[in-house]
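The structure under discussion appears below in the form of structure tokens.
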Protein chains: 2
Amino acid sequence: MKKSQKKLSASLEALKKAEQICDSNGLKLTKLRKQVLNLIWKKSGYVKAYDLLDELKKVDPSAKPPTIYRTLDFLMENGLIHKIQSLNAFIGCPHPDEHNECYFLICDRCQMIEECCSKKISNVVSSTSKNSNFIPSKVTFEIAGTCQNCLN
Amino acid sequence: MKKSQKKLSASLEALKKAEQICDSNGLKLTKLRKQVLNLIWKKSGYVKAYDLLDELKKVDPSAKPPTIYRTLDFLMENGLIHKIQSLNAFIGCPHPDEHNECYFLICDRCQMIEECCSKKISNVVSSTSKNSNFIPSKVTFEIAGTCQNCLN
DNA sequence: AATATAAATGTTATATTATAACATATATGT
DNA sequence: ACATATATGTTATAATATAACATTTATATT
């Protein structure tokens, strides 16, 4: 299977899941939101908001910063994408139907980001939070470095 | 001991450590760098770059964004402060002499941030990285939520 | 269907965060 | 004393993000 096909199916898969999630939660996956989610999935790695805006402008010249940021907010609120805080960038979530504590492996050389889930993370978060009598609500866990591919 | 005294001593302590570290590493803790580090420690929680700039301007009216950002870069590179990625904010490091994998407990209600170190974190990072054949270089681990004080 | 209400999008303006590029000053080594 | 490196000063602008208000579209109710 070619890479373009792989990307295509990941994108379609993501759209399908997004539709399911929105359907079952009474959320509206509007044309704009679909377009933006699609643009995010078209990129192989992460996307910056203004790059996304430029892409969107190609099909909707009236798009402006709030167009993108509002849509990104919606997609984030509903777990369909994530913000990578250390890069001010965004990436599609491959498993929006599960809500685990996740972390990101971010390659400094290529723009690939691997999203991983691990019980270990949630365990560390809850145990360390308990130690400090802290009630956690949002976890940001990003590991930058060099990925497998780029090591060769 | 009053809170202001506690803050003062933490600030003095931090300055002392910074001087030691710079001394033993051939780094120059210049007047500007000291001033900025001091301003960071004066605040009880985290600081934003432009707030810091406003403070600095009070004693050095010619200060400009690069003044602050360059100084913050120096302080970060040498482990004297940390950037909180999820807030675009900065905070002094209470133990710049040790270099552990740390995480931050960030209270949404007050502006307090607790920096914690835990072997568990480094273990999770190294084990999960190994699973993905990933060589980690920089870890961002921030947990937002509600702190002990604000729960009452 | 007509109307009220809520949700989404459009639009203008501006706030916030950060860096590039080049000039000058200060410290350091020879 | 001079060359070199490091730090700071300065101007300009890039990159990221949101506030505030207008308009449109969807939804619920009568």
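Because only heavy atoms are used, hydrogens play no part in the values below, and waters and symmetry mates are left out as well, while side chains stay in. Convention: sequence-line order gives letters A, B, ...; per-chain numbering from 1. All values reported here derive from a predicted model rather than from experimental measurement.
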Let me know the distance between NZ of A/Lys64 and C1' of C/dA13, rounded to the nearest Å.
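Answer to the nearest Å: 12 Å.
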Nearest whole Å is fine: how far is C/dT16 P from B/Ile68 CD1?
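One finds 16 Å between P of C/dT16 and CD1 of B/Ile68, rounded.
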Which residues pass the salt bridge (charged side-chain N to carboxylate O under 4.0 Å, His left out) test with B/Lys58, not counting sequence neighbours?
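For B/Lys58, the residues satisfying salt bridge (charged side-chain N to carboxylate O under 4.0 Å, His left out) (neighbours in sequence not counted) are B/Glu55.
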Check A/Ile21 against A/Asp97 and note the closest heavy-atom contact, atom names and distance.
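Looks like CD1-N, 3.9 Å.
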What is the minimum heavy-atom distance between A/Phe134 and B/Gly145, and which atoms define it?
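Nearest heavy atoms, A/Phe134 then B/Gly145: CZ-N, 3.4 Å.
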Linked, directly or transitively: [X] and [Y] (ILVMFWY side chains, under 4.5 Å):
X: B/Leu15; Y: B/Leu39; answer: yes
X: B/Tyr46; Y: B/Ile81; answer: no
X: A/Leu32; Y: A/Tyr69; answer: yes
X: B/Leu37; Y: B/Val47; answer: yes

Name every residue in residues 81-90 of chain A that has at least one heavy atom under 4.0 Å from any atom of DNA chain D, in order of residue number, or write none if there are no such residues.
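Residues of residues 81-90 of chain A that come under 4.0 Å of DNA chain D are, in numerical order, A/Lys83, A/Asn88.
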Regarding B/Lys120 and A/Ser127, is there a side-chain donor-to-acceptor distance under 3.5 Å anywhere?
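Indeed, the side chains of B/Lys120 and A/Ser127 share at least one donor-acceptor pair under 3.5 Å.
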Taking only residues two or more places apart in sequence or in another chain, which ones pass side-chain contact (heavy atoms from CB on, under 4.5 Å) with B/Asp73?
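Scan of B/Asp73 (side-chain contact (heavy atoms from CB on, under 4.5 Å), adjacent residues dropped) gives B/Met76, B/Glu77.
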Side chain to side chain contact (heavy atoms under 4.5 Å, CB included) assessment of A/Leu105 paired with A/Cys107
CA-CA 7 Å; A/Leu105 300 179; A/Cys107 183; over 6 Å; no
Heavy-atom contact window of chain A on DNA chain D, given 5' to 3' at under 4.0 Å:
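Span of nucleotides near chain A: D/dT16 to D/dT27.
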Are any of the side-chain heavy atoms of B/Asp108 and A/Ser137 separated by less than 4.5 Å?
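Yes, at least one pair of side-chain atoms sits under 4.5 Å.
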Terminal axis angle for the helix from C/dA1-D/dT30 to C/dT30-D/dA1, five pairs an end, nearest 10 degrees:
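So the angle between the two local helix axes works out to 30°.
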Mind telling me whether A/Tyr103 and A/Phe141 have parallel, tilted or perpendicular rings, with 30° and 60° as the class edges?
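Answer is tilted, since the angle falls between 30° and 60°.
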Salt-bridge contact A/Glu142-B/Lys138 (side-chain N to carboxylate O under 4.0 Å)
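Salt bridge: no.
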Could you list all N or O pairs between the protein and nucleotides 6-9 of chain C that sit under 3.5 Å apart?
unit_1: C/dA8; atom_1: OP1; unit_2: A/Arg33; atom_2: NH1; d: 3.4
unit_1: C/dT9; atom_1: OP1; unit_2: A/Thr30; atom_2: OG1; d: 2.5

